[in-house]
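Data block below; observations after.
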Amino acid sequence: GLYNPPLVTTHGTLIADSMISPALHGQRRSFLVYLPPSYQDTATPLRRYPTLYLLHGSPGNEYDWIRGGKAAQSADTLIGYGKIPDLIIIFPDGNGRSGETSEWGNSFDQMQLMENFVAFDLVHFIDQKYRTIPTAGYRAIGGFSMGGFGAMNIAVHHPDIFGSVIALAGYYIASGSIWGQNTAYMQANSPASVLPTDPSAWKLRIFLGAATKDQPYYAGTQQFILELKALHLNYTFDLENGYHTWSVWETQLYHALLWLK
C-alpha cells in the first residue's frame, strides 16, 4: 500500500509557517505544517488532532521529509484508507550556526538552544495556533540520522512533552562540536547514557529503524536495543534491506505512522 493513491480525492494541506524563538535569542525559525484533510471540515470546527514532529538530518532542511521521505503522501494514503487517524505533522528547520551541525541539541556554551526551541517554543506555538491535543500521549517526535538522534535525545529529556519517539538510522551517543568536547555534557546528551538513569523516560513508546548495510547506524541501534532489553523496556524495531537512504526512511516512516496510531 505504500504507493497506492488514497481512496478519497482529498489531500492534506501543507503550510509554510514561522515563529520568533525566545530560546534562539529572537531568531525567526521556519517550519512546515501538514494539516490532515478533515482539518478544514466546517462540520467539525472544534475537532483536535494528535501531532508528530519530524526532524531532518544533516545537511538538511524542513522540506526534506516532504521531498525525500514522502511524509505528506504517506499520511494522505494512510488517512485515505482509514488505516490511521488524522494527525498534524510539523517539520522544523534545525540548522544552526554556519558550518556546524546543531545535533538538535542545546550547545555547551548555551548560545544555541535548539532542543529548547523544539520542546518548548515550537510545541507551545503549535498548540496555541493549531487545534492539537496538547498532551504527551498525543504528541510524538521522530527523525532520521541526526534527526533520529535529536528525536531520541529530546524525548528522553522531555517524556512529559513527547510520549512517543521514532528514531530511524539514529545514533545514541552524542558527537559533534556543539557539545564543547565536555565529557559530562556529552553523556548528558547521549540517550544511551541518560535512559538507564532516568526512570521517567521509561514510559516512552519507542520505534527504532535501521538498514542492514547502514553502518555504523545499524550497529549503534543494535547496541541501543540491548540496553532497552536490559531495562525490560518495550520497543518496536523495523529492519529494512538497504543503506543510509531515503528509500529506507520513506518505508520506515510509513510503518511508523501505522505503529503510532
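Not measured: the values here are computed from a predicted model. Here, residue 1 is the first one in the sequence, and each next residue gets the next number.
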Practice task
Determine whether more than 12 heavy atoms belonging to other residues, nucleotides or ligands lie under 6.0 Å from atom NZ of Lys213.
Solution key: yes
Problem - Heavy-atom side-chain proximity of Arg29 to Asp121 below 4.5 angstrom - result: no
Exercise for the section: Could you tell me whether the side chains of Tyr254 and Glu250 share a donor-acceptor contact shorter than 3.5 Å? Expected result: no
Exercise for the section: For the residue pair Ser175 and Phe149, establish whether any side-chain heavy-atom pair is separated by less than 4.5 Å. Expected result: no
Handout entry: Donor-acceptor contact below 3.5 Å, side chain Gln252 vs main chain Asp238
Key = yes
Practice task
Using a strict 4.0 Å threshold on nitrogen-to-oxygen distance, state whether Lys129 and Asp17 make a salt bridge.
Solution key: yes
Practice task
Sorted by first residue and then second, give each side chain to side chain donor-acceptor pair (under 3.5 Å) pair with at least one member in residues 57-67; sequence neighbours left out.
Solution key: Ser30-Glu62
Exercise for the section: Take His56 and Asp93, measure what side-chain contact (heavy atoms from CB on, under 4.5 Å) needs, and give me the verdict at the end. Expected result: CA-CA 8 Å; His56 62 72; Asp93 168 22; 3.8 Å; yes
Practice task
Please find out if less than 6.0 Å separates the ring center of Tyr235 from that of Phe224.
Solution key: no
Handout entry: Hydrophobic cluster membership, Leu260 vs Val165, 4.5 Å side-chain cutoff
Key = no
Exercise for the section: Decide if atom CG of Asn234 counts as having more than 12 heavy atoms of other residues, nucleotides or ligands within a radius under 6.0 Å. Expected result: no
Problem - side-chain contact (heavy atoms from CB on, under 4.5 Å) between Phe125 and Ser21, worked out - result: CA-CA 10 Å; Phe125 183 88; Ser21 169; over 6 Å; no
Problem - Gln223 and Tyr172, any side-chain heavy atoms less than 4.5 Å apart - result: no
Fill in the blank from the handout: d(Glu115 CD, Ser102 OG) to nearest 0.5 Å is 11.0 Å
Problem - Minimum side-chain heavy-atom gap Tyr53-Ile154 below 4.5 Å - result: no
Problem - Contact summary for Leu258 and Lys261, nearest pair of heavy atoms - result: O-CG, 3.0 Å
Practice task
Decide side-chain contact (heavy atoms from CB on, under 4.5 Å) for Leu122 and Phe117; before the verdict, give the C-alpha distance in whole Å, the side-chain angles of both, and the deciding distance to 0.1 Å.
Solution key: CA-CA 6 Å; Leu122 185 58; Phe117 158 65; 4.2 Å; yes
Exercise for the section: Answer yes when Asp41 and Arg47 have at least one side-chain N-carboxylate O distance shorter than 4.0 Å, and no when they do not. Expected result: no
Handout entry: Heavy-atom donor-acceptor pair, Thr251 side chain to Ser247 backbone, under 3.5 Å
Key = yes
Exercise for the section: Assess whether atom CD1 of Ile173 is packed by more than 12 heavy atoms of other residues, nucleotides or ligands within 6.0 Å. Expected result: no
Practice task
Would you please name every residue forming a side chain to side chain donor-acceptor pair (under 3.5 Å) with His244, sequence neighbours left out?
Solution key: Ser145, Asp214
Handout entry: Shared hydrophobic cluster, Ile126 / Leu54 (ILVMFWY, side-chain heavy atoms < 4.5 Å)
Key = no
Exercise for the section: Any chance you could measure Leu257, atom CG, to Leu52, atom CG, to the nearest 0.5 Å? Expected result: 6.5 Å
Problem - Sidechain-backbone polar pair: Trp179 side chain, Ala184 backbone, donor-acceptor under 3.5 Å - result: no
Exercise for the section: For residues Phe120 and His158, establish whether the separation of their ring centroids is below 6.0 Å. Expected result: yes
Practice task
Is it possible for you to say whether Leu55 and Trp249 belong to one hydrophobic cluster, with membership spreading through side-chain heavy-atom contacts below 4.5 Å?
Solution key: no
